[in-house]
Amino acid sequence: MKYWLMKSEPNDFSIEDLKNRPNQIEPWDGVRNYQARNYMRDEMKLGDRVLFYHSRTNPSVVGTAKVVKESYPDHTAWDPNDHHFDPKTDKDNPRWYMVDVQFEQEFVRPIPLPELRKIAGLEKMVLLQKGSRLSVQPVTEGEFEIILNYAASQEA
DNA sequence: GCCAACGTTGGC
DNA sequence: GCCAACGTTGGC
């Protein structure tokens, strides 16, 4: 099993939105970065765990989700009316892929980015590296556990 | 809203 | 294949 962190701008799609979806499942569409796509297309497997991250507005880890459908073409790339329309990809040779994720839990207290930087054991997290902007990124099992434990300790 | 850091595009 | 110009991301 692998562990991931996925970013979303809460104004665009928040963890509350995920929680309110039918079956609490949502396709992770709109990723238009090759490295992030490769992770989704090639490495994300059923049951993989995901840290849900809110970017830009009060950046923080806000909860967890899991992968419930492995990669398939992101059809929004072919929709001229979609914000993430990509005129250069065609249906015979899909360029962009997505997975479905399902809500697991929302932290009672989100963990803000500055707080993450202070937690021992997270120094090497991709998220915390300078200039890191990947919207889909790997997390180690150790990092994942540290964050879950930290979140749980905040709820006591 | 600003802007630094990245990623992509396209002329040559 | 280089690299300048442009567009985007995301912390602040």
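The structure presented is a predicted model; accordingly, all values stated were derived computationally and were not measured. We name chains A, B, ... by the order of the sequence lines, and we start the count at 1 in each one.
- For A/Arg37 and B/dG7, the CZ to P distance is 15 Å, given to the nearest whole Å.
- The distance between atom CD of A/Gln129 and atom P of C/dG11, rounded to the nearest whole Å, is 14 Å.
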Using nucleotides 8-10 of chain B, report all nitrogen or oxygen pairs with the protein that are shorter than 3.5 Å.
unit_1: B/dT9; atom_1: OP1; unit_2: A/Lys88; atom_2: NZ; d: 3.0

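- Side-chain heavy atoms closer than 4.5 Å link hydrophobic residues (I, L, V, M, F, W, Y) into clusters, and following such links, possibly through other members, connects A/Val31 to A/Leu134.
- A search for side chain to side chain donor-acceptor pair (under 3.5 Å) contacts involving A/Asp100 returns A/Tyr72, not counting sequence neighbours.
- Screening residues 122-135 of chain A for salt bridge (Lys or Arg N to Asp or Glu O under 4.0 Å) gives no qualifying pairs among residues at least two apart or on separate chains.
- Summarising the geometry, the separation between CG on A/Leu116 and C1' on C/dG11 is reported as 13 Å, rounded to the nearest angstrom.
- Distance, A/Asn11 CG to B/dG1 P: 13 Å, rounded to whole Å.
- When the C1' atom of C/dC12 is taken as reference, atom CG of A/Asn58 falls 12 Å away, rounded to whole Å.
- Look at CZ on A/Arg117: it is 11 Å from C1' on C/dC12, rounded to the nearest Å.
- For A/Thr140, the side chain to side chain donor-acceptor pair (under 3.5 Å) partners are A/Glu143, not counting sequence neighbours.
- Scanning for side chain to side chain donor-acceptor pair (under 3.5 Å) contacts around A/Glu104 gives A/Arg49, A/Thr64, with sequence neighbours left out.
- Hydrophobic cluster membership of A/Val61, counting Ile, Leu, Val, Met, Phe, Trp and Tyr whose side-chain heavy atoms lie under 4.5 Å apart directly or via other members: A/Met1, A/Tyr3, A/Leu5, A/Leu51, A/Tyr53, A/Phe107, A/Ile111, A/Leu113, A/Leu116, A/Ile119, A/Leu122, A/Met125, A/Leu127, A/Leu128, A/Val139, A/Phe144, A/Ile146, A/Ile147, A/Leu148, A/Tyr150.
- In terms of position on DNA chain B, the residue among A/Ser132 and A/Arg56 whose nearest nucleotide sits closer to the 5' end is A/Arg56.
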